[in-house]
Amino acid sequence: MFSSFGRIFAPKFASECSSVPRSNVDPMSSIQSHREPLLRLKAKLKCLSLSLSSLSSPSLSKPLGSLNLFKMTSLLPNPDLITKPLVFKLCSSPSPWRLFSLTKLTRNSSSLPLVALSSLSATAAKPARWREKQELAESDSISLLNERIRRDLGKRETAKGPAMDSEEADKYIQMVKEQQERGLQKLKGVRQGTEASAGGFSYKVDPYTLLSGDYVVHKKVGIGRFVGIKFDVPKDSSEPLEYVFIEYADGMAKLPLKQASRLLYRYNLPNETKRPRTLSRLSDTSVWERRKTKGKVAIQKMVVDLMELYLHRLRQKRYPYPKNPIMADFASQFPYNATPDQQQAFLDVDKDLTERETPMDRLICGDVGFGKTEVALRAIFCVVSAGKQAMVLAPTIVLAKQHYDVISQRFSLYPQIKVGLLSRFQTKAEKEEYLEMIKDGHLNIIVGTHSLLGSRVVYSNLGLLVVDEEQRFGVKQKEKIASFKTSVDVLTLSATPIPRTLYLALTGFRDASLISTPPPERIPIKTHLSSFRKEKVIEAIKNELDRGGQVFYVLPRIKGLEEVMDFLEEAFPDIDIAMAHGKQYSKQLEETMERFAQGKIKILICTNIVESGLDIQNANTIIIQDVQQFGLAQLYQLRGRVGRADKEAHAYLFYPDKSLLSDQALERLSALEECRELGQGFQLAERDMGIRGFGTIFGEQQTGDVGNVGIDLFFEMLFESLSKVEELRIFSVPYNLVKIDININPRLPSEYVNNLENPMEIINEAEKAAEKDMWSLMQFTENLRRQYGKEPYSMEIILKKLYVRRMAADLGVNRIYAAGKMVVMKTNMSKKVFNLITDSMTCDVYRSSLIYEGDQIMAELLLELPREQLLNWMFHCLSELHASLPALIKY
């Protein structure tokens, strides 16, 4: 009865609605400001309903005028007047007339057959076409959700094996927790002992160590600029006390010295600059709280990523390698005495390979020249002697060639073990021959650059992957390397020192061996920092040549190499000098580096192409010109090219006239001058390298989140998160146990049904995909749209219901129901998990409406919504909640 009445009067009602003048309604920025225009609009609708009531059928049980706004609109062919949640619409400040516009009145009714729609007048059909165009122009909510799912879960899902059940996860989490507890206990000892300053970061800053102008972070207020420490008399005392004065964007704050010691951190960033984007405001700490929350959520996501990768790797199985008696003979060829750290690294790798049934994924961290390569050589020998292949991956061909030479020399006593180098220097025929040998298993050890990761390289029986300086590879290469970690043993070498505190805190999440003690014969490098003068350069080179050594001369750009070449040829006419840079022909570059390694070239003028890994024992002087254009980390690596023998090495760092430098360059130069006395190495550069080490473990993309709070507070938050990771665990519920108490059963239009090959089978497939996991449901939806185009509204409702149920299952919600304006979700979620989720929600509307009580999450809506609008609200709200899942352990 109602639907036939709606069909008769829909055009009249639509035209009346469309005649409501827009000029009577102003745009509004809050819910309160919507009230008056909505009341005016409701009055017009009521007048219209009264006029219609005179035409209504006598069989109607109650007069139309007494129906409320939503019951009135339910008489129309389209029950879905608002395609998005009403609460969301009101808060996003549309004009109220848009909520009831004509375009919304032409939706296909779930209660009407398709033929009924064809009888609608042209008045309704024209806006329908306009609506379809508008929908195509805007991404629908399901597409937006799918896009986020693909972004958050794509890489992880494709790399995953079968799902892990809760009992299995408990076992592995307990193993991780026990290991991590041991690491944190060591960490506490280190923090209390003398190693606290040498091992890494000292988090809270001693105010006496601050200089005027230094940037600091107050845990509760935010980022400010340190002014000084002065005595002042407090109001309730006559005794003067020491206060720390800090400048903020809107004024000066003073803190008692004791309080400052507990709450202040030094502000540092990974990109070596000391300046924050803005200072915080004393009068409004909400911006700072948001920045801190963003940092906290980013940290939690990183910790969870580490945890999940570790858990899934524990599930992979392979037989342990046999202990080989001839390993002792191979180890005895090492010409040096191993340091204690090196000895521990040997033991760690040996246990990984011969005692564990899970593939190794170990990071060997150590300074340049501290003996990481020997650790890799012994791992290679263990794997190759068991009949498997080993791949050694280097970021540059120069470094790959050096690894090839070292490996060939060490394995020369074992003729049955074949070593090959795959590089762009080879001819096509040579490459094809090598590829065939790799495929047939005739090459045991393969050395090369990222070309080894290509699809044309097929391994016969790969057992070990050794990666040198993984952070220098591109994104695609890193993804390929990650794919190996589930099937073969992986050993990663990094010359990036990681702070000891970070290393200990990560025990249990990341297998890492830290080589922090230098070889006993290693003599500290003497560093000389001064303005550039040709006389100083000539004297430095002459001193090195007089003792039979070689010299690196490094510039930041290719452009200046020729000029330096002319200058040095004039100063040293009888000395062999050569240039090396990345734009040279491959053969030319290889020959130059080969001749320098052999000692035929005495001075090598180059760019930072020599930054990584080169081991030239006879080169013990490095000259770096225009030092202000290099990063601290680059200088640290370049400086490590010398001092690898028992001779005293020298690093000369030259800068131009200070009057020509920018403020930023001067800032960097002052930082260099602070660490002129190096002792064990650049203190400041080691700090910067520690930050890069953070990138090595967590991924470079994560370092951007540090800027919100600064490194020191970031690391304190990180350690806190690491120690409490098991508290942020969410338990999903089986999909078939989730109940959505909302009675919606839309009918598909006959045209769409006729277009589907097997409608019932497709609906069943959708249900099965939703039951499996969110990734499967997303793929089903995308495949459906590719094959049949964008679904009609009734099918969209069916899909949204599946998405709501799937998201509820993932979030541990087993029932959702509405009682008047209240929406209730029964859940097994803890209060801590709920707080983290709501903290990370981007939409204020949903965040402010949700409250947690007992085992329920509740939200009070502004209006009691019709069923389809209620489903829409649930979809959007759960999408917001579901977006936080990457920050939670999900077993």
Side-chain angles (χ1 to χ4, degrees), residues 29 201-207 209-230 243-255 259-302 628 631-632 661-671 674 684 687-688 690-692 694-695 698 700-718 720-721 839-844 847-848:
S29 58
F201 298 96
S202 174
Y203 302 104
K204 294 180 180 68
V205 67
D206 179 357
T209 63
L210 293 169
L211 300 174
S212 182
D214 284 354
Y215 291 96
V216 293
V217 179
H218 187 288
K219 201 169 186 177
K220 294 181 179 176
V221 180
I223 301 167
R225 188 185 290 109
F226 175 74
V227 176
I229 301 174
K230 297 176 185 177
Y243 285 91
V244 175
F245 286 81
I246 302 170
E247 179 190 352
Y248 288 93
D250 56 348
M252 189 78 70
K254 69 173 186 178
L255 287 90
Q259 185 184 346
S261 301
R262 292 196 311 270
L263 295 172
L264 285 187
Y265 302 80
R266 194 182 292 275
Y267 184 82
N268 291 289
L269 290 177
N271 59 4
E272 301 166 12
T273 180
K274 295 181 180 180
R275 295 184 180 181
R277 292 190 296 268
T278 56
L279 296 181
S280 300
R281 300 179 69 85
L282 289 167
S283 57
D284 181 15
T285 58
S286 61
V287 175
W288 166 247
E289 287 298 328
R290 282 198 298 272
R291 289 176 72 175
K292 201 163 64 167
T293 298
K294 190 177 178 185
K296 181 181 175 183
V297 172
I299 286 167
Q300 186 58 31
K301 284 182 180 177
M302 293 187 317
Q628 78 286 351
L632 293 174
L661 299 179
S662 65
D663 290 345
Q664 191 174 3
L666 283 169
E667 192 175 284
R668 186 170 294 177
L669 198 59
S670 67
E674 283 174 22
L684 195 59
R687 186 181 182 86
D688 173 71
I691 295 164
R692 281 181 64 191
F694 162 87
F698 293 109
E700 297 294 335
Q701 73 280 3
Q702 304 290 7
T703 57
D705 298 309
V706 176
N708 286 314
V709 294
I711 276 288
D712 290 3
L713 180 55
F714 192 88
F715 267 78
E716 184 166 286
M717 290 162 69
L718 169 66
E720 187 181 338
S721 183
D839 281 348
S840 61
M841 288 173 73
T842 55
C843 180
D844 290 334
R847 180 170 56 237
S848 58

*Roughly how far, to the nearest 0.5 Å, is the CG atom of L713 from the NZ atom of K204?*
9.0 Å
*By side-chain hydrogen bond (donor to acceptor under 3.5 Å, both in side chains), which residues pair with R225, not counting sequence neighbours?*
Y215, E247
_Nearest non-hydrogen partners of L282 and T285, listed with the distance_ = O-CG2, 4.2 Å
*Give a yes or no on whether the backbone of K219 and the side-chain of K292 come within a donor-acceptor separation of less than 3.5 Å.*
yes
*Going from OH on Y243 to CD1 on I229, what distance comes out if it is rounded to the nearest 0.5 angstrom?*
13.5 Å
*Return the minimal non-hydrogen interatomic distance between S280 and Y248, and the atom names on each side.*
O-CB, 3.4 Å
*Can you tell me how far CG of L210 sits from CG of L264, rounded to the nearest 0.5 angstrom?*
7.0 Å
*Heavy-atom closest pair, residues D839 and K296*: OD2-NZ, 4.4 Å
*Listed by chain and number, what are the side-chain hydrogen bond (donor to acceptor under 3.5 Å, both in side chains) partners of T842, not counting sequence neighbours?*
E880
*Under the side chain to side chain contact (heavy atoms under 4.5 Å, CB included) criterion, do V287 and R290 qualify, and how do the steps go?*
CA-CA 5 Å; V287 175; R290 282 198 298 272; 3.5 Å; yes
*Say you draw a straight line from NZ of K254 to CD of Q259; how long is it, rounded to the nearest 0.5 Å?*
12.0 Å
*Should W288 and V221 be marked as a side chain to side chain contact (heavy atoms under 4.5 Å, CB included) after you check the CA-CA gap, both sets of side-chain angles, and the distance that decides it?*
CA-CA 7 Å; W288 166 247; V221 180; 5.7 Å; no
_Point-to-point distance, once rounded to the nearest 0.5 Å, from CG of L255 to NZ of K220_ = 10.5 Å
*With rounding to the nearest 0.5 Å, note down the distance linking CG in D206 to CZ in R266.*
9.5 Å
*Counterpart residues, side-chain hydrogen bond (donor to acceptor under 3.5 Å, both in side chains), relative to K230 (two or more places apart)*: none
